[in-house]
Protein chains: 2
Amino acid sequence: MSRALPPLRLLTAFAAVARTGSIQAAAAELNVTQPAISQAVRQLEDHAGVALLDRARRPARPTDAGQALATAIAQGLGQIAEALDALREADLQRDSRVTVACSVGVATYWLMPRLAAFYKAHPDLFVNVVTTPNGVPALGDGIDIAVRYGHGRWSDGLVRHLFDEEVRPVCAPALRARFAGPVPPGSVSLLHVRTPETSWVTWDEYLRLTGLPPVRRGGQTFTNYVQTTQAALDGHGLMLGWRSITGALTAAGQLVDAGLPPLAPRDAFYLVARTKRGGRAVETFADWLVTRSDPA
Amino acid sequence: MSRALPPLRLLTAFAAVARTGSIQAAAAELNVTQPAISQAVRQLEDHAGVALLDRARRPARPTDAGQALATAIAQGLGQIAEALDALREADLQRDSRVTVACSVGVATYWLMPRLAAFYKAHPDLFVNVVTTPNGVPALGDGIDIAVRYGHGRWSDGLVRHLFDEEVRPVCAPALRARFAGPVPPGSVSLLHVRTPETSWVTWDEYLRLTGLPPVRRGGQTFTNYVQTTQAALDGHGLMLGWRSITGALTAAGQLVDAGLPPLAPRDAFYLVARTKRGGRAVETFADWLVTRSDPA
DNA sequence: AGGAAATATAAGCCCATGGTTATCCTATGT
DNA sequence: ACATAGGATAACCATGGGCTTATATTTCCT
């Protein structure tokens with residue numbers, strides 16, 4: 001049955017003697033006087049019950065027993081010190097990283113293009129973007145911030161308004177050119193997005209809310225706005241363009257307004273941040289995104 | 001660059017919390033009050049700069065970081081404790097063992113027969129007998145005691161007188177029976193022992209010192225008294241019987257006095273013990289051997 | 001809403017720790 | 001024999017470590 005360990009000070013004093021080669025050198029390294037180390041090692045020997053130093057030789061050298069113990073001390077305490085360093089390092093890392101969850105469309109056309117400016121302003125921080133294939137982007141293990149479209153009344157985090165949206169039909173220029181006036185929804189292929197998120201406006205809702213006649217189901221259906229946007233760019237039909245997704249493409253002339261009325265939904269985009277365990281990076285990024293947010 | 005380790009008390013307090021499952025249980029195990037452990041873990045967290053316990057749950061549980069650190073503490077301190085235990089164990093072992101060096105003849109006919117009585121008196125001690133093939137039994141690495149025949153004026157250890165010797169010619173009863181008077185040395189085969197040790201009386205010295213006529217070289221020569229004694233037992237000749245070697249055999253009638261005058265050499269048997277690093281067993285055995293020593 | 005259990009906090013205090021200085025002792029080299 | 005270097009010992013003391021008690025706070029269950 002082992003007795004309690006001796007005081008750490010005795011262990012480190014002896015390890016220093018073994019490492020530096022003499023009691024005097026160890027004292028110098030530890031910034032104490034030589035008697036302090038001499039007494040410390042003697043106390044350790046009393047505790048251990050065996051001689052750890054051969055003092056007949058000058059400078060004193062560890063006995064075989066002492067060498068064995070010095071090795072165990074170095075390894076044992078080294079292991080603990082490494083674990084502490086690793087924890088601090090991980091904490092520093094965590095404090096310089098933030099993970100954001102959002103839909104793949106928002107990620108591709110809104111968030112990622114903005115990150116360059118964020119890194120320019122904060123080169124020491126790193127944003128990890130996680131796209132949720134479907135459903136509402138959620139907070140949780142490893143997710144610090146979620147960018148959500150919806151009513152904004154969530155309770156799982158701190159909610160901050162990013163921007164209101166506007167939805168208008170857009171299409172490829174070539175498709176637009178086929179009609180003198182607005183592109184009639186009933187005469188072209190409509191590009192649908194079907195997602196479990198029920199907040200996003202669908203073609204049916206758009207037509208109903210703008211007083212346009214309903215269109216019998218046709219066209220193509222995708223599961224995300226990246227594919228839908230690509231199909232529109234390819235001239236495959238008419239899509240509902242959300243300003244945060246297609247605003248830049250429309251400004252660049254790659255997509256054009258279809259001449260139909262725009263729709264301003266009541267829902268908006270929000271940033272939701274976890275209230276616990278938020279490090280410096282999370283707060284910095286959230287603040288930046290809120291102040292720099294505009295839909296296009 | 002790692003900072004100094006925190007006090008051992010904080011490490012062991014936290015490790016106890018991780019192992020026992022609560023701050024209260026750790027306090028009970030360490031025989032302090034619950035606030036003592038609560039404060040100790042808080043100090044460790046301040047030192048480490050990370051949360052080690054999830055206190056929202058009752059009882060408090062280690063965080064992932066805390067679990068990692070607790071493991072490192074257990075392994076690191078365990079390694080040091082094991083090293084200390086091993087040193088103490090080795091020391092205990094050394095304290096219950098003694099190694100004795102002597103000639104093979106003394107070992108066989110004098111020392112080994114006595115060890116049974118020693119073990120009876122000291123069942124917790126162990127005597128390791130090392131026979132030196134030739135030369136004076138020496139102290140040194142691993143040899144605590146030497147049993148030597150000689151002048152007794154050695155300086156390599158503590159010298160204590162065991163017993164004086166007596167040398168007399170002895171032979172098998174059948175050889176003795178061939179002569180009405182003393183067995184004449186010149187008429188039988190003499191059994192010689194040739195050894196680098198120059199203290200032991202040879203046949204030449206014996207005949208000269210007792211005034212008997214010298215005998216031209218003949219007979220057999222052996223390198224130790226075990227073989228010589230066996231040859232005498234077999235009736236192969238006349239040997240010089242040292243009381244410590246052949247006393248018991250003569251008392252048992254296996255060998256008989258040849259009727260020639262005995263010789264009391266000036267040299268004697270001594271015990272020489274190392275003066276350094278003598279453990280309890282060495283002193284105990286040396287004392288016992290000195291008080292229980294008699295030549296036969 | 002209230003009680004039980006676990007943890008946190010603040011204040012207080014005793015005593016042991018962790019050194020220091022002064023000096024002695026021992027080993028080794030010249 | 002002497003000088004130097006390294007280590008040992010004794011006496012001393014200031015400080016803060018390592019608790020304690022008392023009480024507050026928080027979480028969870030009934």
Side-chain angles (χ1 to χ4, degrees), chain A residues 3-63 65-67 70 73 77 275-277, chain B residues 3-63 65-67 70 73 77 275-277:
Chain A
R3 52 196 284 201
L5 284 170
L8 187 62
R9 175 179 70 89
L10 309 188
L11 297 174
T12 53
F14 174 63
V17 175
R19 182 168 19 81
T20 60
S22 79
I23 289 176
Q24 287 200 358
E29 179 175 286
L30 297 176
N31 291 315
V32 296
T33 57
Q34 174 266 324
I37 299 298
S38 178
Q39 289 159 1
V41 177
R42 180 68 72 181
Q43 287 173 40
L44 184 60
E45 284 176 323
D46 288 342
H47 184 277
V50 300
L52 301 173
L53 282 184
D54 179 1
R55 294 173 175 76
R57 317 171 86 163
R58 305 298 169 83
R61 291 190 204 167
T63 58
Q67 196 55 61
I73 293 171
L77 298 188
T275 50
K276 278 183 174 179
R277 225 175 63 86
Chain B
R3 52 196 283 203
L5 284 168
L8 188 61
R9 177 180 68 89
L10 308 188
L11 296 173
T12 52
F14 174 63
V17 175
R19 180 168 20 83
T20 60
S22 79
I23 288 175
Q24 288 199 1
E29 178 176 286
L30 298 176
N31 291 316
V32 296
T33 57
Q34 174 265 325
I37 300 300
S38 177
Q39 288 159 1
V41 175
R42 181 66 73 181
Q43 287 173 40
L44 184 59
E45 284 176 324
D46 288 342
H47 184 277
V50 298
L52 301 172
L53 282 185
D54 179 1
R55 294 171 174 77
R57 315 170 87 163
R58 305 295 170 85
R61 289 188 202 169
T63 59
Q67 195 56 58
I73 292 171
L77 298 188
T275 49
K276 278 183 174 178
R277 221 174 69 85

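Chain A is the first sequence line, chain B the second, and so forth, proteins listed ahead of strands; every chain is numbered from 1.
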Euclidean distance, atom [atom1] of residue [X] to atom [atom2] of [N] [Å, nearest integer]:
X     : N      : atom1 : atom2 : answer
A/D46 : C/dT17 : CG    : C1'   : 16 Å
A/L8  : D/dG18 : CG    : C1'   : 16 Å
B/L53 : C/dA6  : CG    : P     : 15 Å
B/H47 : D/dG17 : NE2   : P     : 12 Å
B/Q43 : D/dG16 : CD    : C1'   : 11 Å

Original post:
Say you draw a straight line from CD1 of B/I37 to CG of B/L30; how long is it, rounded to the nearest 0.5 Å?
Top reply: 5.0 Å
**OP:** Calculate, to the nearest 0.5 Å, the distance between atoms NE2 and CG belonging to A/H47 and A/L5 respectively.
**Re:**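 Going from NE2 on A/H47 over to CG on A/L5, the span is 7.0 Å.
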Subject >> Side-chain touch B/P6/B/L11, heavy atoms, less than 4.5 angstrom >> reply: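 Yes, their side chains come closer than 4.5 Å.
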**OP:** Please work out which residues in residues 33-42 of chain A have a non-hydrogen atom less than 4.0 Å from an atom of DNA chain C and list them by number.
**Re:** A/T33, A/P35, A/A36, A/Q39
Original post:
Taking DNA chain C as the partner, which of residues 9-23 of chain A come within under 4.0 angstrom of it by heavy atom?
Top reply: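 Contacting residues: A/R9.
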Who are the side chain to side chain contact (heavy atoms under 4.5 Å, CB included) partners of [X], not counting sequence neighbours?
X     : result
B/R61 : B/R57
B/P62 : B/A18, B/L53, B/Q67
A/A28 : none
A/R58 : none

Original post:
For the residue pair B/T63 and B/A51, what are the closest heavy atoms and their distance?
Top reply: OG1-O, 2.9 Å
Original post:
At their closest point, which heavy atom of B/I73 faces which heavy atom of B/A15, and how far apart are they?
Top reply: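 Shortest heavy-atom contact: CG2-CB, 3.8 Å.
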Contacts under 3.5 Å, N or O only, protein and nucleotides 25-29 of chain D:
{"unit_1": "D/dT26", "atom_1": "O2", "unit_2": "B/R58", "atom_2": "NH1", "d": "2.9"}
{"unit_1": "D/dT27", "atom_1": "O3'", "unit_2": "B/A56", "atom_2": "O", "d": "3.2"}

**OP:** Please tell me which of the listed nucleotides, D/dT20, C/dA6, D/dG7, lies nearest to the side chain of B/Q24?
**Re:** C/dA6
**OP:** Verify, without hydrogens or angle tests, whether B/S22 (side chain) and B/P59 (backbone) share a donor-acceptor contact under 3.5 angstrom.
**Re:** no
Original post:
Which residue pairs satisfy the side-chain hydrogen bond (donor to acceptor under 3.5 Å, both in side chains) criterion with at least one member in residues 23-39 of chain A, sequence neighbours excluded?
Top reply: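 Qualifying pairs, neighbours excluded: A/R19-A/E29.
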